Amino acid sequence: MASAEPISLSDLPSQYDHVAAQEKWYPWWEQRGYFRAEVDDPRPPFTIVIPPPNVTGALHLGHALNNTLQDILCRLKRMQGYNVLWMPGTDHAGIATQAVVERRLLEEAGQSRHDLGRDGLVDRIWDWKAQYEQRILSQLRQLGASCDWQRTRFTLDDQCARAVRETFFQLFADHKIYRGQRLVNWDTFLQTAVSDDEVFHDPVPGHFWHIRYPVIDPQAGEPQSVAIATTRPETLLGDTAVAVHPDPAAELDKVVGELEAKLKAAPEKEQEEISAQLAAVAERRRSLLPQLLQLRAMAVRGVQLELPLTGRTIPLIADPWAKPELGSGCVKITPAHDENDYQVWQRNASIGAINIMHPDGTLNENVPEKYRGLTMKQARAAVVEDLAVGGFYDPETDLEDREIDLAHSDRSKTPIEPYLADQWFVRMGEVGEGPDAPGLAQSAMDAVADGRVKIIPHRYAKGYQDWLGEKRDWPIGRQLWWGHRIPVWRQAARSPAMMQDGKDAELAALRQRRIPQLRKLVQEWAAAGRVSVATCDASGSGRSPLLADEDFSAALICVRSADDQEVLAALQRDGVFKQDEDVLDTWFSSALWPHSTLGWPEETAELKKFYPTSTLITSRDIITLWVARMVLTGLYNLGEVPFPEVYIHPKILDGYGETMSKSKGNGVDPLDVIEKFGADALRFGIAYLTTETQDVRMPVEFVCPHCQETIKQTKKNRVLPRVTCDQCGGAFHTQWAREEADLALPRGAVTSERFELGRNFCNKLWNASRFALMNLAGYQAAPVAADQLLLEDRWLLSRLAAVTGEVTQALAEYRYADAARELYRFAWDDFCSFYVEISKARFAVPARRAVAQRVLAHTLDTLLRLLHPMIPFLTEEVWQLLATVAGARGLGHPEPAAESVCIAPWPQVEPSHIDPQIEQQFSKFQAVIGAVRNIRTENKIPPKKEIYFSVGCDKPTADLLQPMKNYFLFIAGAHLQDAGGTVVSSLRTASKVVAGMAVHVSIDDFFDGEAEKKRLESEQAKLAKYDQSLTGKLGNENFVNRAPAEVVQAQRDKLAETREQLAKIETALAEL
RNA sequence: GGGCGAUUAGCUCAGUUGGCUAGAGCACUAGCUCGACAAGCUAGGGGUCACUGGUUCGAGUCCAGUAUCGCCCA
């Protein structure tokens, strides 16, 4: 037991000290090893892998939510007797982390990554990682997370690296990884490709330029030029064609058909607009179609156009991408810098593609000299000006304003340039034919479709299936330095310049000799499974296993093991082969997380014991990026899904319904909440708010460090470096503070009032516990026989059994809010407001103490266990205190309590305790209490004045109420004089009718006949109305005949009760 | 443009398979410092369940449409 010294109960503070409890119990839990999972533990395993937080920065409230939900399950399962492994770790978050460190480097030292070089930068990032990983893990501990810390992993550590390497090798050997030229989203700031998922679209004001390309040698009657429209005139320098629709008439007919169908279905309001559109298309058909048909004929004939400013000619082609209903009906084609144009190129290979951009976003040697080196923005201005000068465009008439949906990089927030580059891909579709070889995407789709992986709530399965269904290949290369480097080598010295360099002539000759030797070696290694070889091939399908000389020069050699020194040395000797510069997409390593953390590709005991994991708890925005990929790699590497269930939890939004983020300034640091309200309050608040459908809206506020008052956060003040408190006038600094003067001020925490609920609840529990501890003096454990239990005991135990069942069920179904609300209600309303209040009267009588103590100790014990997963610190604190006065607890067979509530068994429902009749009876008692209190308040009778009352009711109810006499006096200051059918209310009596009983309170001096009359009459009116509605319902034959019998009966009972109440009120009125 | 979700008290949210005289916390009003708790206790006020139709004996709940908002995908 942790606390050996006797505690003085009166010394317990009346406010729960969350700081002390957190500092005391977390280290103790760790030291006792409660969170450790052992492979030789015979109990059934329960495994969760943490969604590894990025080492980019500190944890935010979304992480607190995610991890609280995981911890609640882990603690629950631990108490339910499982061998629980919660696998912790962090993610290296390639692009995000490198971007943060590079930005910091630029700000602090004015240096770029090239100043440091690859190794220097990577070292710098490892330093950053060490710092933030520490911080993240410490935050998780403060949250109370019961992870098995000894197993902490990192997506870039050696163990994960082995899994990444092996997976890459297998995929490579399986022809599922290939290198191809694709249009990518190029981030010119970070100089890397980013995936579609790392791109966001933002509307910005822009222009639409109309430009004329002259026709070369037009025949008689043909136009002199072709007009096109573009939002990006600078890309003209990379145009390789202009397209016109191959069948403009049919296309226009199709558009008309669609519009007509829409018109039919549209509401009146929109009809006018659609009619206008129809008219416009008709007009276009009349005026423009002949010309489009002519252009199409010219395209078929192979007409060339002059590409302005370049001296190049480009063909006019026919392609359906040109929309006859839009603009001039013609469109310029820039395959290397536009996704749609790229597609056009795929259909019309002969037009070619011209890449006009350097990786840094400036124009390259493929454009006329005067534009080289300009940024895209500068080039736009120059091109537009030159076009005007050349007469290809008239600024007066050929320019319109237009809003453009511009793609931005999520990481650098700079505009994305579509860019043609060599990239690594994982093939998501099928390779070859046949049912035996479903593609990666299909395998993951099947797993969800056939229920091997259940997504909860189920509606999220649709997005998962749709996304995978596209089977788009996964671009896995990133032009970064921070990450798993792609384990592929190829011949370095392919550039003639290098080979011919005089100094290196000898070396070049050496290489020439070595390559045939290497080729032979590589063949041997490939046969031995140490390397896998492929040739550069955009399609990824045709591979030459022969390694002829000419192929070998283009060979890609994937080396299986990072430890295969022989292979690596041989390849790299004399710089003949060089490793690919790219690193892998972070999600490649995250995708392996459920098995890489358990030691795969080794066949470890951990893997055997804990894979597949039991559940995954994560946020909806990474269902595709992460969940889907874990499923497919799990299936690919182990043939088994990584988890049978995925629970998708809500997101936390701020008071304006916006997602929280540090960059908006509306983020809340869980540590601020923990400091102000306590980890238990944070956790309980989170559980209470985690409902299935709703995202969590959380108004955010600053806390003034001077006076502790809160200042509502607004869109205005959330971006200020300093804020002034409107209560005390003191100033404090925020996350934006950079200036010395601001930083000198104390920092204002950012929290939300929504955690008050949890804090207040914890405090309530703490004080109820104090009450119990004080009244357990002299407690002796002993079995309690059923006939020793009083009505209130049986009521409480019945409620407790019901709550136990409901909480257990709710948590099994991820209904956290239901579980939290059930416990809140039971603990506060049932246990504190009634049972504890009532028991005070019992504790006043020595002879009645013993049984009351045993029921109280047992109930508190059970409640602590039920609450422990949500409120670990408080429950442990009280558990330990309780042990000092009541070491053995339980009604039937008292047993010594577990040394920690962490490992105490989860409560079982005691069926013999469930007694609906007792609950119903007790509610009569509660109703009488309520009526008496209500009459007291309404008649302004002072709280301390004792009053006398009687209850008109049937005999069974009277028998029930009589034994509660003491309690009425004790908790309502009211003497029960009489109960039963013969009760007559005296003069100067106020009456209230509840639950079929008439409660009459004698109120002497305070009696106000008029007021009482009014009150009764208003109540009468209300009841009469209800009577009427019920009578109407029951008079309706359809209702009586068609509604289920029990529903009809319930209405009849209600009517009877209402009539009875009315009668009682009439009696009371008559007696007035 | 497509998909998913939301709209219930001043605020933040519950409301299971339709049976409701629609609940909770905060805020509000009135009273209470009685040995667990003022982060509390007691009582109270406050809602045309976004709107329009439909199905049904019966709709906050199911269906269709409208409006507004949010998220995801193109």
Side-chain angles (χ1 to χ4, degrees), chain A residues 9-10 12-16 196-197 200-201 265 267 269 339 405 457 459-464 466-467 470 620-621 623-624 650-651 653 655-659 677-678 681 685 688-689 691-699 752-754 756-775 810 813 815 817-818 820-821 824-825 828-829 832-833 836-837 839-840 843 929-930 932-944 970-973 1022-1023 1025-1027 1029-1030 1032-1044 1046-1048 1050-1051 1054 1058:
Chain A
L9 295 177
S10 55
L12 294 177
S14 68
Q15 280 191 8
Y16 167 53
D196 290 345
D197 311 291
F200 67 94
H201 294 262
K269 261 171 48 181
E339 177 61 34
D405 200 32
R459 67 188 130 95
Y460 291 116
K462 186 172 164 46
Y464 171 99
D466 289 352
W467 185 84
E470 291 179 24
R620 78 171 94 90
D621 31 86
I623 294 173
T624 52
K651 291 189 74 165
L653 309 174
Y656 300 101
E658 296 180 18
T659 50
F677 297 106
Y688 193 88
L689 294 169
T691 58
E692 196 191 89
T693 52
Q694 287 281 98
D695 282 341
V696 178
R697 240 181 215 232
M698 195 163 269
S752 174
E753 64 183 18
R754 301 208 59 189
E756 284 173 13
L757 172 99
R759 179 200 52 186
N760 294 355
F761 181 57
C762 288
N763 201 45
K764 187 74 181 175
L765 287 169
W766 171 247
N767 279 294
S769 304
R770 282 175 74 217
F771 170 85
L773 294 168
M774 284 180 192
N775 284 286
E813 295 167 3
R815 288 184 288 112
D818 289 345
R821 282 160 211 250
Y824 183 93
R825 235 194 50 67
W828 202 307
D829 298 345
C832 292
S833 294
V836 164
E837 288 307 321
S839 73
K840 285 175 184 169
F843 283 116
I929 292 272
V932 170
R933 283 170 169 170
N934 176 270
I935 289 171
R936 182 193 286 280
T937 320
E938 293 223 323
N939 292 285
K940 299 191 169 40
I941 305 170
K944 278 188 182 163
F970 207 87
I971 69 178
K1022 218 167 94 186
L1023 284 167
K1025 211 172 137 196
Y1026 189 40
D1027 182 331
S1029 98
L1030 287 172
K1033 212 176 203 180
L1034 287 163
N1036 181 342
E1037 268 182 47
N1038 280 325
F1039 173 66
V1040 178
N1041 294 333
R1042 299 197 196 185
E1046 67 267 23
V1047 171
V1048 176
Q1051 300 296 309
K1054 274 185 196 168
T1058 308

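Just so we're on the same page: letters track the sequence lines, and every chain starts at 1. Not measured: the values here are computed from a predicted model.
- No side-chain heavy atom of A:Y16 sits under 4.5 Å from any side-chain heavy atom of A:L765.
- The nucleotide whose nearest atom lies closest to any side-chain atom of A:S833 is, among B:C13, B:U42, B:C37, B:U42.
- You'll find that the side chain of A:N934 is closest to B:A43, out of B:A43, B:G19, B:C37.
- For the P atom pair drawn from B:G54 and B:C13, the interatomic distance equals 33 Å after rounding to whole Å.
- Taking the P atoms as reference points, B:C72 lies 34 Å from B:G25, given to the whole Å.
- Among the nucleotides B:G40, B:U42, B:G19, the one closest to the side chain of A:V1047 is B:G19.
- Comparing B:A6 with B:C28, their C1' atoms are spaced 28 Å from each other, to the whole Å.
- Looking at heavy atoms from C-beta onward, A:I971 lies in side-chain contact with A:R933 at the 4.5 angstrom threshold.
- Comparing the same atom, C1', in B:U8 and in B:G23 gives a spacing of 10 Å after rounding to whole Å.
- With distances taken from any side-chain atom of A:A1043 to the nucleotides B:A36, B:A39, B:G19, the minimum falls on B:G19.
- For the pair A:D695/A:R620, a side-chain contact is recorded, criterion being any heavy-atom separation below 4.5 Å from C-beta on.
- Rounded to a whole angstrom, the distance from the P atom of B:U16 to that of B:U7 is 12 Å.
- To the nearest whole angstrom, the two C1' atoms, one in B:U42 and one in B:C4, are 46 Å apart.
- Contact of A:K940 with B:A30 (side chain to base): no donor-acceptor pair of N or O atoms is detected under 3.5 Å.
- In plain terms, the two heavy atoms of A:D621 and A:K651 that are nearest each other are OD2-NZ, 3.2 Å.
- At a cut-off of 3.5 angstrom, counting only N and O atoms as typed in the model, there is no donor on one side facing an acceptor on the other between the side-chain of A:E756 and the base of B:A39.
- At the heavy-atom level, A:D695 lies under 4.0 Å from the strands shown only through sugar-phosphate atoms.
- Both A:K651 and A:D829 lie close to RNA chain B; mapped to their nearest nucleotides by heavy-atom distance, the more 5′-ward contact belongs to A:D829.
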Bracket string, RNA chain B, 5' to 3' - pairs by Watson-Crick or G-U geometry under 3.5 Å, | interstrand: (((((((..((((.....[...)))).(((((.......))))).....(((((..]....)))))))))))).
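- One finds a side-chain N or O of A:N760 lying less than 4.0 angstrom from the OP1 or OP2 phosphate oxygen of B:G40.
- The nucleotide whose nearest atom lies closest to any side-chain atom of A:K764 is, among B:U42, B:C37, B:C13, B:C37.
- B:C73 and B:U66: their P atoms are spaced 25 Å apart (whole Å).
- With hydrogens and angles ignored, no donor-acceptor pair under 3.5 angstrom links the side chain of A:Q15 to the base of B:A38.
- On the C1' atoms, B:A50 is 38 Å away from B:G40, given to the nearest whole Å.
- In terms of phosphate contacts, A:W828 brings no side-chain nitrogen or oxygen within less than 4.0 Å of OP1 or OP2 of B:A39.
- Using a 4.5 Å cut-off on side-chain heavy atoms (C-beta onward), A:D818 and A:E813 make no contact.
- In this structure, A:S752 OG and A:F677 CZ are separated by 7.5 Å, a value rounded to the nearest 0.5 Å.
- Within 3.5 Å, a donor on the side chain of A:R759 pairs with an acceptor on the base of B:A39, or the reverse.
- Between the side chain of A:K944 and the base of B:C34 there is no donor-acceptor pair of N/O atoms closer than 3.5 Å.
- Looking at which nucleotide of RNA chain B each of A:Y460 and A:G930 is closest to, the 5′-most match is held by A:Y460.
- Comparing atom distances between the A:T691 side chain and each of B:C41, B:A14, B:G19 picks out B:A14 as nearest.
- Two residues are said to be in side-chain contact when any heavy atoms from C-beta on lie closer than 4.5 Å; A:S14 and A:N767 meet this criterion.
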